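Note that this is a predicted model, so its numbers are computed, not measured.
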Amino acid sequence: MGVASMLTLLLTHPIEFRTLLQYKLWHEPKRDITAPSEHATSGWDRPAMRRCWEMLDETSRSFSGVIKEVEGDLARLICLFYLVLRGLDTIEDDMTLPDEKKQPLLRQFHTLVLQPGWNFTESGPNEKDRHLLVEWPVVSEELNRLEPRYLDVIIDIADKMGNGMADFAHKAATTDELYVETIDEYNLYCHYVAGLVGEGLTRLWSASGKEAAWLGEQLELSNAMGIMLQKTNIIRDFREDADERRFFWPREIWGRAEYGKAAGGRPPFTDMPQMHQPGNEQQALWVQSGMIVDALGHACDALDYLRLLTKQSVFCFCAIPQTMAMATLSLCFMNYEMFQRNIKIRKAEAASLVMRSTNPRDVAYIFRDYARSIHARADPADPNFLKLSVACGKIEQWCERNYPSFVRLGTVSGGPQFDPYDARTKVVEATQARDRELAREKRLLELREKQPGTLVQDRADAETSTGEVLFYVGTAFLIVLVVGMGATWLLLQWFDSRA
């Protein structure tokens with residue numbers, strides 16, 4: 001943002017200005033891949049890898065920053081993995097390529113990417129990332145430098161993704177079916193284009209030794225991570241995709257008759273572009289609500305995945321996109337502007353999420369806050385109202401089960417504190433008191449079994465010492481009483497003699 005933009009922001013949104021200022025002043029990158037000390041892991045000293053980093057910036061401004069902050073050689077691995085998948089995505093999205101050309105490219109891409117000198121120059125002129133495929137030799141040079149344990153993961157994911165993309169592209173080209181029909185088909189597509197990304201990253205974490213080996217086998221959770229991001233992007237990019245005749249929303253959701261009935265007895269949608277036509281606003285919002293309910297169904301699995309991560313840089317890399325996805329879902333919910341143009345969360349909100357997404361507890365509370373924001377705007381007339389309430393309630397329940405809100409951390413004493421106004425605090429305090437009493441009784445029992453004579457003597461000594469204390473206290477009281485009464489008598493005698 002330029003100076004003029006920052007001044008405008010200061011006048012119109014002062015709180016957002018403060019957030020951006022804090023981000024610029026206090027948020028420092030965790031590493032500089034261009035530093036000589038990082039060359040061994042980042043590869044910046046090699047011209048080919050340097051160009052790969054530059055193309056990462058050119059193809060993904062949002063992801064490049066968090067990728068560069070991942071520790072060790074993982075950043076370089078993720079950079080190359082991302083470029084491979086971006087190359088696949090560029091071919092799949094290119095509507096100028098005929099199916100007979102696209103099919104072999106997608107299905108053989110995992111082998112073509114390793115061939116020295118291979119590139120592709122036939123992408124449509126409007127494909128913004130076509131230069132990546134034109135300059136592919138620099139990527140293949142770096143891919144062939146990777147250790148087999150890393151390269152095998154990248155190639156395996158590219159193979160699965162390429163074949164999945166080819167299946168959907170072939171169906172669209174040969175059957176004239178523009179739409180995804182069922183939710184299952186929608187989930188399968190999202191698995192191919194994003195769930196496999198989560199699987200590949202998780203396997204890279206394990207292969208590098210940065211995370212536990214068993215994490216690479218958590219395919220259901222890693223799949224949910226990727227699918228949630230993909231579904232969020234599909235929802236947000238509705239208008240952009242509709243203008244290019246790309247439709248990913250499943251007919252099973254947008255074609256439901258109940259949405260038309262709830263919007264005043266209207267017929268169900270038969271074509272997706274109808275949703276951004278005048279007069280269909282309410283019905284379109286009910287459809288949008290159904291899509292968001294479907295995306296929120298993956299939130300708890302995403303939180304479960306994040307709790308398994310142990311490395312800070314890996315956690316931030318995974319958590320930041322997830323919190324931004326929740327923010328985007330909240331922004332889109334009941335917002336008809338999404339059908340008119342591409343909308344994004346504000347930069348200040350994104351900066352705040354980057355600074356706050358540092359640990360599982362805070363990330364869980366971010367999910368909870370956005371779920372509450374969505375539910376607060378839900379309309380009881382929405383056919384999805386109950387499903388939406390359940391989805392938001394599950395997120396709330398997950399947070400309370402794993403990170404109870406009445407437990408306060410970060411106190412001066414270092415231990416947890418409890419909210420005195422929360423009824424659960426009394427339960428915890430009663431439980432702790434009972435635990436202490438049981439521990440004391442257990443200790444006495446152990447002493448009785450090991451040293452019964454000593455225990456009896458200790459009790460006798462305790463009783464004796466108690467009697468002595470009472471005797472001394474009583475004696476002292478009597479002395480004070482006698483002295484007081486004597487002083488009072490002397491004063492009375494002195495006043496009588498004066499009189």
Side-chain angles (χ1 to χ4, degrees), residues 182-184 186-188 190-191 194-195 198 202 218-236 249-250 252-253 256 258-259 285-309 315 318-335 345 353 356-357 359-407 419 422-424 427:
T182 66
I183 295 176
D184 287 342
Y186 176 51
N187 287 332
L188 181 62
C190 291
H191 165 73
T202 305
Q218 303 300 314
L219 302 183
E220 184 175 349
L221 298 183
S222 60
N223 184 62
M225 286 275 292
I227 285 182
M228 183 173 174
L229 296 181
Q230 181 65 20
K231 288 186 174 181
T232 300
N233 291 337
I234 287 175
I235 293 170
R236 181 199 62 195
W249 292 25
E252 186 178 341
I253 293 179
R256 290 175 180 168
E258 58 185 316
Y259 298 143
L285 288 176
W286 297 154
V287 174
Q288 179 209 67
S289 174
M291 292 293 294
I292 291 176
V293 168
D294 177 71
L296 289 175
H298 304 285
C300 292
D301 283 341
L303 290 172
D304 281 331
Y305 179 88
L306 293 174
R307 288 191 71 210
L308 301 178
L309 302 176
F315 177 84
C318 296
I320 291 172
Q322 294 295 324
T323 54
M324 290 192 178
M326 281 297 295
T328 301
L329 290 176
S330 178
L331 173 66
C332 292
F333 184 68
M334 292 299 159
N335 183 359
I345 60 175
L353 292 174
R356 294 165 57 200
S357 302
N359 61 79
R361 180 186 177 91
D362 287 349
V363 168
Y365 283 173
I366 291 172
F367 270 56
R368 181 200 64 184
D369 292 343
Y370 281 120
R372 288 178 176 177
S373 175
I374 290 172
H375 188 259
R377 287 173 281 143
D379 187 343
D382 182 358
N384 301 295
F385 181 76
L386 288 179
K387 293 180 181 178
L388 182 70
S389 299
V390 170
C392 293
K394 285 183 177 180
I395 297 174
E396 185 96 24
Q397 185 181 43
W398 191 98
C399 295
E400 285 299 323
R401 182 176 66 249
N402 293 279
Y403 305 105
S405 58
F406 74 100
V407 180
D419 183 359
D422 196 300
R424 292 172 292 179
V427 177

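The OH atom of Tyr186 sits 5.5 Å away from the CG atom of Asp294 when rounded to the nearest 0.5 Å. Between the CG atom of Leu308 and the OG1 atom of Thr202 there is a distance of 9.5 Å, given to the nearest 0.5 Å. Atom CD of Glu220 is separated from atom OH of Tyr305 by 13.5 Å, given to the nearest 0.5 angstrom. Rounding to the nearest 0.5 angstrom, the gap separating the CD atom in Gln230 from the CD1 atom in Ile235 is 10.5 Å. Atom CD1 in Ile292 sits 12.5 Å away from atom NZ in Lys231 (nearest 0.5 Å). Atom CG of residue Leu329 and atom OG of residue Ser373 lie 11.0 Å apart, to the nearest 0.5 angstrom.
Here salt bridge (charged side-chain N to carboxylate O under 4.0 Å, His left out) pairs that include residues 368-383, with residues two or more places apart or in two chains, are Arg372-Glu396.
Using a 4.5 Å heavy-atom threshold, the side chains of Met225 and Leu306 count as touching. Between Trp398 and Tyr403 there is a side-chain heavy-atom pair separated by less than 4.5 Å. A 4.5 Å side-chain heavy-atom check between Met228 and Cys190 finds every atom pair outside the cut-off. Residues Val363 and Gln322 form no side-chain contact, since every pair of their non-hydrogen atoms from C-beta on lies 4.5 Å or further apart. Side chains of Pro360 and Asn402 form no contact here, defined as non-hydrogen atoms less than 4.5 Å apart. Residues Ser289 and Phe385 are not in side-chain contact: their nearest non-hydrogen atoms beyond the backbone lie 4.5 Å or more apart.
The two residues Pro321 and Leu229 come nearest to each other via the heavy atoms O-CD2, 3.3 Å. Scanning all heavy atoms of the two residues, the minimum distance from Cys332 to Gln288 falls at O-NE2, 2.5 Å. Across all their heavy atoms, Pro404 and Arg361 have their closest contact at O-NH2, 3.9 Å. In this structure, Leu285 and Asn335 approach most closely via the heavy-atom pair CD2-N, 3.9 Å. For Ala364 against Leu303, the heavy-atom pair with the smallest separation is CA-CD2, 4.0 Å. The two atoms that bring Phe367 and Met326 nearest to each other are O-CE, 3.5 Å, heavy atoms only.
For Glu252 (side chain) and Ile183 (main-chain N/O), a donor-acceptor pair under 3.5 Å exists by modelled atom type. Put simply, the side chain of Asn223 never gets that close to the backbone of Leu219: no donor and acceptor are under 3.5 Å apart. Remark: the backbone N or O of Trp286 is paired with a side-chain donor or acceptor of Asn384 at under 3.5 angstrom.
A donor-acceptor contact closer than 3.5 angstrom is absent between the side chains of Thr232 and Thr328.
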